[in-house]
Asks: 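Starting off with a structure, shown below.
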There are 2 protein chains.
Amino acid sequence: MEKTMSKPSPAVNCGNCSVRRLCLPVGLSEDDIQRLEQVTRKKKILKAGDSLFRAGDPFSSLYAIRSGSFKSAVIGADGDTQVTHFALPGELLGLDAYSSGAHPGYAEALEDSSVCVLPFTQLENLAQQVPALQKQMYTIFSEELKQDNDVLLLLGKRSAESRLAALLINISSRYAQRGYSASEFKLSMQRIDIANYLGLTAETVSRLMSRFQKQGLIRAQGRAVAILDLIALSELAGTHCSYEND
Amino acid sequence: MEKTMSKPSPAVNCGNCSVRRLCLPVGLSEDDIQRLEQVTRKKKILKAGDSLFRAGDPFSSLYAIRSGSFKSAVIGADGDTQVTHFALPGELLGLDAYSSGAHPGYAEALEDSSVCVLPFTQLENLAQQVPALQKQMYTIFSEELKQDNDVLLLLGKRSAESRLAALLINISSRYAQRGYSASEFKLSMQRIDIANYLGLTAETVSRLMSRFQKQGLIRAQGRAVAILDLIALSELAGTHCSYEND
DNA sequence: CGACCCATTGACCACCCTCAAATAAGGTGG
DNA sequence: CCACCTTATTTGAGGGTGGTCAATGGGTCG
C-alpha cells in the first residue's frame, strides 16, 4: 500500500483493488495476479449518463466495474428496450457479446464510475495458461446465467409488489456484500429504469414505494431508501431474499 | 457409415452426429474431434417425463441433446417454478450449475429423448489443451446469455399476444435450422408449459391459439401447429399491435 | 369402457397500464 | 442566489388485459 506514495495517481491494480474478492482473481497465486495485472492495466472513467458501450459496438473487451454503477439493456426489433441488469462494483459487463462479436445491448453509467478494461483476447490467452483463471471464467459465466434465471422467475410469475420487494432486498444485500449499509442506501437509478427492469411502469413503482412506506416497510425520499422491516419485505418478495449468501 | 453394420447399435459419435454442426465441435480438426469423442462416449436415453437432472443435484456433467426435446425450469424459494428453456437437439443443458456446483433447476424430457453426457472436468481439461474448443465453450455460454436476454425482453414488455407469436416463430425457426419443416410441426410441450414459459396462464395461451386460428395466422389442432401467415405473425411478435409506431 | 389428464371456452373482476395533472428535484444562465 | 426551464416523481381517475374460477369436450392409457 505504501507504494502508492511514489506515484502521482493511486496504484490501482488487482492486488489492492477494493473489489478484488468479487472480481476475477479468486484463488489465484501472487504470481498469477501479477500476470493478470498486465491485462487489466487500462482503466476508463465515465460520467453519469455516459455509455460504456452501445448496441452493435464490436466486442473487444470485458469491463469490470471498480466504482459506480451501471444499467445494461437490450433493444428489441421494434426499438423498445429492456433493462436487464443493474451492475455494481466487482461485477463484469459485456459477457453476452462474445458469441456474435458485437454487443447486443448497451451499458450506461448511472453515476460517475470507473471500470477496468479487459481485452478479451489477452484474457483468453492468459486463461489458457492459468487453469484457476479459466475456472473463474466459467464461474462468472455460469453465475450470470443463474442470475438471469432468477430474473426470469421474477418477471414470469410475481406480482408488482413482489417484484419491487425482491429488487429492494437484492440491492440491499449487494450493497451489504460490498461493505455498505444494508439498511440504508441511495438508489442510483431512476424510477423508470426500475420499472423497466421489473416489467412495470414508473407510476406503479412510485405507488408501491409510497405504499411500502405507509406500511412501515421502508422509508423513502426520492432515491434515498431505508429498509425498516426486512422480514416483512422478504415475505412480500416470496422469501426470495438472500440467495447470494449461501 | 458402413461401420455401423458391424455393431448392434448405431455408432453414435461426434463425427457422424446429426447435430454436430449445432453442438460443440465447431471448427475443430479431425484429430481434436477424436479426442473429444473420448469425452462424449456416454449416452443417456430418457422417456417422456423423465428427469435429466433435478434441482439441487450435484453438478458433474453437461448434457448435449441428440434427439427429442426438454424443458428446463428453476424453482423459487416458495416452490413455484418458472420454465426457462425449451431445448432442442444440438443444444446444451446444465451450464448454469457450474458456479454453485449444483443444478439450480431441473430438466425434464418432453418426449423420448437421448443426450450425450459430457463430464465437465474432462471437457474442461480438453478445452485447456484445445483452444478452438475453449472458444466454443465461451461461445456457448455467451450465446446462452444472449438468449436469456431475449426472453427477458419478451417477458418484460410484450403483450400476451406478442409473446405467443414470438414463441411460435422461435420454435418454427429452430425446427427449420434442424432440417424440419418451418411451417408445420408438433409442439412437444403442453399448454401449461408454454404458458409458464411466457409468464401467462394455460387459458390465455389456449384463447390466443384459437384467436390466431380464427385470424388465419395458424392452423392448430392440439399440439400440431401449422404456420399460415408468418409475416403477420412476425408483426404481432415484433410490434405492440397497432398502437404508436415511433 | 371408465378414469384421468389436457385443452378449450365462458363469465367475472382484480391488477396494473394509460392518460392526465400537480409537485418536487435538478440544472443553467442571468 | 434566485428565476427559469427541464426532467423526474408522485398522486389520481378510469379502462383494458389477462388471471381466476368453473364447466365442457377430447385424448390416451390402463
Side-chain angles (χ1 to χ4, degrees), chain A residues 47-50 71 80 82-83 108 110-112 154-168 186-215 218-225 236 238, chain B residues 47-49 71 80 82-83 108 110-112 154-168 186-215 218-225 236 239-246:
Chain A
K47 292 211 170 97
D50 285 354
K71 69 171 175 181
D80 67 4
Q82 169 70 34
V83 173
E108 185 184 310
L110 293 169
E111 54 195 315
D112 293 356
L154 205 65
L155 291 182
K157 297 206 76 82
R158 307 307 245 268
S159 67
E161 183 182 65
S162 176
R163 295 181 199 189
L164 183 59
L167 177 65
L168 289 174
K186 183 160 163 284
L187 296 170
S188 60
M189 68 295 283
Q190 29 184 30
R191 294 286 186 269
I192 200 173
D193 290 326
I194 295 178
N196 186 311
Y197 176 73
L198 296 175
L200 302 171
T201 60
E203 292 94 328
T204 297
V205 170
S206 185
R207 269 185 269 269
L208 286 171
M209 294 288 281
S210 300
R211 196 163 97 204
F212 286 171
Q213 182 150 17
K214 280 200 191 82
Q215 294 171 335
I218 65 172
R219 182 162 35 80
Q221 173 150 23
R223 301 195 182 177
V225 173
L236 280 188
Chain B
K47 293 210 169 97
K71 69 170 173 182
D80 68 3
Q82 169 71 33
V83 174
E108 183 184 312
L110 294 168
E111 56 194 312
D112 294 357
L154 205 64
L155 291 182
K157 295 205 74 85
R158 308 305 246 265
S159 68
E161 182 181 65
S162 176
R163 295 181 199 190
L164 183 58
L167 177 65
L168 290 174
K186 184 163 161 280
L187 296 169
S188 60
M189 68 295 284
Q190 39 186 49
R191 293 286 187 270
I192 200 173
D193 290 327
I194 295 178
N196 187 307
Y197 176 73
L198 296 176
L200 304 171
T201 60
E203 291 93 328
T204 298
V205 170
S206 189
R207 270 185 267 270
L208 286 171
M209 294 288 280
S210 301
R211 195 161 98 203
F212 285 172
Q213 183 151 19
K214 280 198 192 81
Q215 295 171 333
I218 65 172
R219 184 160 35 78
Q221 173 151 27
R223 299 193 184 179
V225 173
L236 280 188
T239 38
H240 205 71
C241 261
S242 54
Y243 267 87
E244 315 158 66
N245 303 353
D246 3 344

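Values below: all heavy atoms of this structure, side chains included; hydrogens, waters and symmetry mates excluded. Below, read A as the first sequence line, B as the second, and so on, with proteins coming before strands; counting in each chain starts at 1.
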Asks: With a 4.0 Å cut-off on heavy atoms, is A:Gln221 in touch with a base, just the backbone sugar-phosphate, or nothing at all?
Replies: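 Sugar-phosphate, backbone atoms only, no base.
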Asks: Calculate, to the nearest 0.5 Å, the distance between atoms CZ and CD belonging to B:Arg223 and B:Glu111 respectively.
Replies: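 If we round to the nearest 0.5 Å, B:Arg223:CZ and B:Glu111:CD are 9.5 Å apart.
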Asks: What is the distance, rounded to the nearest whole Å, between atom NZ of A:Lys186 and atom C1' of C:dG26?
Replies: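 In whole Å, C:dG26 C1' and A:Lys186 NZ are 12 Å from each other.
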Asks: To the nearest angstrom, how far is B:Asp193 atom CG from C:dC5 atom C1'?
Replies: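 So the CG-C1' distance, B:Asp193 to C:dC5, works out to 13 Å.
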Asks: Got a donor-acceptor contact below 3.5 angstrom from the B:Asp112 side chain to the B:Lys47 backbone?
Replies: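 No: the side chain of B:Asp112 does not pair with the backbone of B:Lys47.
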Asks: Over how many whole Å does the gap from A:Glu111 atom CD to C:dG26 atom P extend?
Replies: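 About 14 Å, once rounded to whole Å.
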Asks: Report yes if the side chains of A:Gln213 and A:Met209 come closer than 4.5 Å at any heavy-atom pair, otherwise no.
Replies: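 A:Gln213 does not reach A:Met209 side chain to side chain.
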Asks: Let me know the distance between CE of A:Met189 and P of D:dA8, rounded to the nearest Å.
Replies: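 Going from A:Met189 (CE) to D:dA8 (P), I get 15 Å.
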Asks: In whole Å, I'd like the distance from the NZ atom of B:Lys157 to the C1' atom of C:dC17.
Replies: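 Atom NZ in B:Lys157 sits about 11 Å away from atom C1' in C:dC17.
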Asks: Identify every side-chain donor-acceptor pair in residues 189-200 of chain B under 3.5 Å, counting partners at least two apart or on other chains, and give the distances.
Replies:
residue: B:Arg191; atom: NH2; partner: B:Gly222; partner atom: O; Å: 2.6
residue: B:Asp193; atom: OD1; partner: B:Lys71; partner atom: NZ; Å: 2.8
residue: B:Asn196; atom: OD1; partner: B:Val83; partner atom: N; Å: 2.8
residue: B:Asn196; atom: ND2; partner: B:Thr81; partner atom: O; Å: 3.1

Asks: Just compare C:dT9, C:dT8, D:dT10 and give me whichever is closest to any side-chain atom of A:Ser210.
Replies: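 Minimum distance to the A:Ser210 side chain belongs to D:dT10.
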Asks: Do the side-chain N or O atoms of A:Arg223 get closer than 4.0 angstrom to the phosphate oxygens (OP1, OP2) of D:dT9?
Replies: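 The answer is yes; a side-chain N or O of A:Arg223 sits under 4.0 Å from OP1 or OP2.
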Asks: Expressed in angstrom and rounded to an integer, what is the separation of B:Asn196 atom CG from C:dA7 atom P?
Replies: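 Rounded to whole Å, this separation is 13 Å.
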Asks: Rounded to whole angstrom units, what separation is found between the CG atom of B:Leu164 and the C1' atom of D:dT17?
Replies: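 Going from CG in B:Leu164 over to C1' in D:dT17 covers 15 Å.
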Asks: Using a heavy-atom distance cut-off of less than 4.0 Å, which residues of residues 198-207 of chain B contact DNA chain D?
Replies: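 Heavy-atom contacts with DNA chain D come from B:Gly199, B:Leu200, B:Thr201, B:Glu203, B:Thr204, B:Arg207.
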Asks: Indicate whether the side chain of A:Ser162 and that of A:Ser159 have a donor and an acceptor atom separated by less than 3.5 Å.
Replies: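 No pair is found: no donor N or O on one side chain lies under 3.5 Å from an acceptor on the other.
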Asks: Work out which heavy atom in B:Leu110 is nearest to a heavy atom in B:Ala48; give both atom names and the distance.
Replies: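 Scanning both residues completely, I find the closest heavy atoms to be O-CB, 4.0 Å.
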Asks: A:Ile192 has an atom CD1; how far is it from atom P of D:dT10, in whole Å?
Replies: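 Nearest whole value for this atom pair: 13 Å.
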Asks: Quick check: do B:Arg219 and B:Val225 have side-chain heavy atoms less than 4.5 Å from each other?
Replies: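 A side-chain contact is absent here, since even the closest heavy-atom pair is not under 4.5 Å.
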